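What follows is a single structure, written as structure tokens, with notes after it.
Numbers for residues simply follow the sequence, beginning at 1. In each ligand, atom 1 is the first atom listed, and ligand 1 is the first ligand listed. For clarity, every value in this text was computed on a predicted model and none was experimentally measured.
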Amino acid sequence: MERVVSPAEARQAIAEARREAKTIGLVPTMGALHEGHLALVRASCRRAGYTAVSIFVNPTQFGEGEDFDAYPRDMARDLELLAAEGVDLVFTPGVEHMYPAGSSIAVDPGDLAERWEGAIRPAHFRGVATVVAKLFNITTPDLAFFGEKDYQQLKIVQRMAADLDMAVTVVGCPIVRDQDGVALSSRNAYLTGEEAAQAIALCEALEAAAEAVAWGERDAAAVEQTMAEEVSAFRLVELDYAVVVDPRTLEQVTRIEGPTRALIAVTLGDTRLIDNAALEPPPVRVEDEKDAQEE
Ligand code: AMP
């Protein structure tokens, strides 16, 4: 596994892989790697002949007073984990490489970035879209792997690639959870023991939403209410939003008739946590239709 820190070195390493006609896969991360990240790495190793992983805690996606300085960093461990997965290239630039003095152009993340996380963290998706565009330009991936864990981010990156004619396929990968159902996140490391025990609030709310839909609830507001009630049972958890949205536009829906997505965000102590799940009514069985006609 090769490790490079400058964009020029990354370009050179990737140019060699290109000469060998390898498909390039990119997995952008902020490090403090866990099984969620490693699932993306494995997806890339399966589908691409050459896998590059970037580790960069991107300052432009953190707002004032957010956790940029405190964000967990463990480069030695990350490099070991990635070497064990058979990664070809790790790109670990410093802030001075990604944002040299004088850089001033950024990517406007568009309408998808206005609501939910974007409303609470105003400059966040501009920072994300900009750094991801830069990483795409440096590494020129054929495939880039992102987790559904950050669903709004995944949708914005897919939109950006389409709208800006980037020659990359952005692949969404399923959320990896611990044995209790809690979505893995580098930020879980911030939680105290008591807080960690309450982090199940998010997945329990999402499960309650899925159950309500499975039992026939089609009114999105009622499902949102179910999620809010579920969260209210957890003393340390403050709900930021629990909504049912159209998976393409991320706009709230009123009825759950086809594929929708439940998005949830909470504050637990000083830590913000997000999660989401697909919500879809079960397919109507032919017998049900017949029964309905006969009634
Ligand atoms: P981060 O290091 O938090 O910026 O995340 C890097 C990538 O890993 C993003 O595409 C995330 O969506 C993805 N990711 C983080 N946690 C998970 C998880 N629990 N399951 C799947 N993907 C994840």
Side-chain angles (χ1 to χ4, degrees), residues 25-47 51-63 66-68 70-75 77-79 81-82 85 87 90-93 98 109 112 116-117 121 124-136 139 141 143-161 168-191 196 199-200 202-203 206 247 250 261 263-265 271-278:
L26 173 68
V27 181
T29 82
M30 297 205 299
L33 302 180
H34 51 61
E35 283 294 320
H37 298 111
L38 297 182
L40 305 183
V41 169
R42 287 172 199 141
S44 178
C45 290
R46 272 199 305 276
R47 290 186 52 182
T51 290
V53 176
S54 60
I55 299 179
F56 178 59
V57 184
N58 174 37
T60 67
Q61 70 189 68
F62 288 79
E66 288 187 0
D67 55 342
F68 175 70
Y71 197 83
R73 292 165 172 87
D74 193 344
M75 187 62 83
R77 182 174 170 274
D78 289 350
L79 294 175
L81 289 170
L82 295 176
E85 295 297 332
V87 165
V90 187
F91 176 41
T92 61
M98 294 302 278
L112 287 175
W116 318 130
E117 285 308 283
R121 309 179 67 191
H124 175 63
F125 287 122
R126 182 181 162 95
V128 169
T130 302
V131 82
V132 171
K134 288 170 69 72
L135 291 169
F136 285 178
T139 62
L143 302 166
F145 298 84
F146 287 79
E148 288 183 345
K149 158 75 175 27
D150 301 282
Y151 194 75
Q152 191 172 7
Q153 167 176 285
L154 168 65
K155 293 288 144 170
I156 290 168
V157 172
Q158 287 176 328
R159 185 81 266 146
M160 173 179 78
V168 55
T169 301
V170 176
V171 182
C173 299
I175 302 174
V176 177
R177 301 176 177 281
D178 70 13
Q179 65 279 10
D180 298 324
V182 176
L184 300 186
S185 162
S186 307
R187 289 193 166 96
N188 291 349
Y190 297 149
L191 303 174
I200 52 167
L202 293 93
C203 59
L206 293 170
L250 302 183
R261 202 90 192 175
L263 306 179
I264 185 165
T271 307
R272 280 201 77 246
L273 298 177
I274 58 174
D275 200 349
N276 67 86

Original post:
Ion pair present between R272 and E66, side-chain N to carboxylate O less than 4.0 angstrom?
Top reply: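 A salt bridge is absent here (no side-chain N lies under 4.0 Å from a carboxylate O).
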
Is it the case that ligand 1 has an N or O less than 3.5 angstrom from some N or O of [X]?
| X | result |
| --- | --- |
| C173 | no |
| F145 | no |
| H37 | yes |
| D150 | yes |
| L40 | no |
| G31 | no |

Original post:
Between V132, V170, I274, V176, which one has a non-hydrogen atom sitting closest to atom 20 (N) of ligand 1?
Top reply: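 Nearest heavy atom to atom 20 (N) of ligand 1 lies in V176.
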
Original post:
Counting heavy atoms only, which of A183, A39, P174 is nearest atom 21 (C) of ligand 1?
Top reply: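 The residue whose heavy atom sits nearest atom 21 (C) of ligand 1 is P174.
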
Original post:
Are the side chain of N58 and the backbone N or O of V131 linked by a donor-acceptor pair below 3.5 Å?
Top reply: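 It does not hold such a pair.
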
**OP:** Measure from the side-chain N and O atoms of D178 to the backbone N and O of D180, and report whether any donor-acceptor pair falls under 3.5 Å.
**Re:**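 Here the side-chain-to-backbone pair exists.
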
Ligand-residue contact atoms, ligand 1 with [X], heavy atoms, under 4.0 Å:
| X | answer |
| --- | --- |
| Y71 | 3 (O) |
| F146 | 10 (O) |
| G147 | 9 (C), 10 (O), 11 (C), 12 (O), 13 (C), 22 (N) |
| I175 | 20 (N), 21 (C) |
| L184 | 16 (N), 17 (C), 18 (C), 19 (N) |
| P28 | 6 (C), 7 (C) |

Subject >> atom 23 (C) of ligand 1 - nearest protein heavy atom and its distance >> reply: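 Going atom by atom, the protein heavy atom closest to atom 23 (C) of ligand 1 ends up being K149 CB, 3.8 Å.
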
Subject >> For atom 4 (O) of ligand 1, the protein heavy atom that lies nearest, with its residue and separation >> reply: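 Sorting protein heavy atoms by distance from atom 4 (O) of ligand 1 puts M30 CG, 3.5 Å first.
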
Touching ligand 1 at all, [X]? Heavy atoms, strictly under 4.0 Å?
| X | value |
| --- | --- |
| F56 | no |
| H34 | yes |
| A32 | no |

**OP:** Determine, step by step, whether E148 and Q153 satisfy the side chain to side chain contact (heavy atoms under 4.5 Å, CB included) criterion, reporting the C-alpha distance in whole Å, the side-chain angles of both residues, the deciding distance to 0.1 Å, and the verdict.
**Re:** CA-CA 8 Å; E148 288 183 345; Q153 167 176 285; over 6 Å; no

**OP:** Show your working on ring-ring contact (aromatic ring centres under 6.0 Å, His included) between F62 and Y71 and close with a plain yes or no.
**Re:** CA-CA 10 Å; F62 288 79; Y71 197 83; 5.8 Å; yes

Subject >> Location of contacts on V27 toward ligand 1, heavy atoms closer than 4.0 Å >> reply: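 The answer is neither.
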
Original post:
What part of S186 sits under 4.0 Å from ligand 1 if we count only heavy atoms: the side chain, the backbone, both or neither?
Top reply: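 Near ligand 1, S186 shows nothing, with every heavy atom at 4.0 Å or more.
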
Original post:
Once you round to the nearest 0.5 Å, how far does CD of Q158 lie from CG of L154?
Top reply: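 Nearest 0.5 Å value for the CD-CG distance: 4.0 Å.
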
Can you find a pair of side-chain heavy atoms, one from [X] and one from [Y], that are under 4.5 Å apart?
| X | Y | result |
| --- | --- | --- |
| V41 | V53 | yes |
| F136 | L26 | yes |
| V27 | T29 | yes |
| Y190 | D67 | yes |

Original post:
Does atom CZ of R73 have more than 12 heavy-atom neighbours, drawn from other residues, nucleotides or ligands, at distances under 6.0 Å?
Top reply: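 Yes.
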
Subject >> Whether over 12 other heavy atoms sit under 6.0 Å from R121 CZ >> reply: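 Yes, the 6.0 Å shell around CZ holds more than 12 heavy atoms from other groups.
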
Subject >> Qualifying residue, where the test is salt bridge (charged side-chain N to carboxylate O under 4.0 Å, His left out) with D275 and the options are R187, R177, K149 >> reply: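 Filter result, single survivor: R177.
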
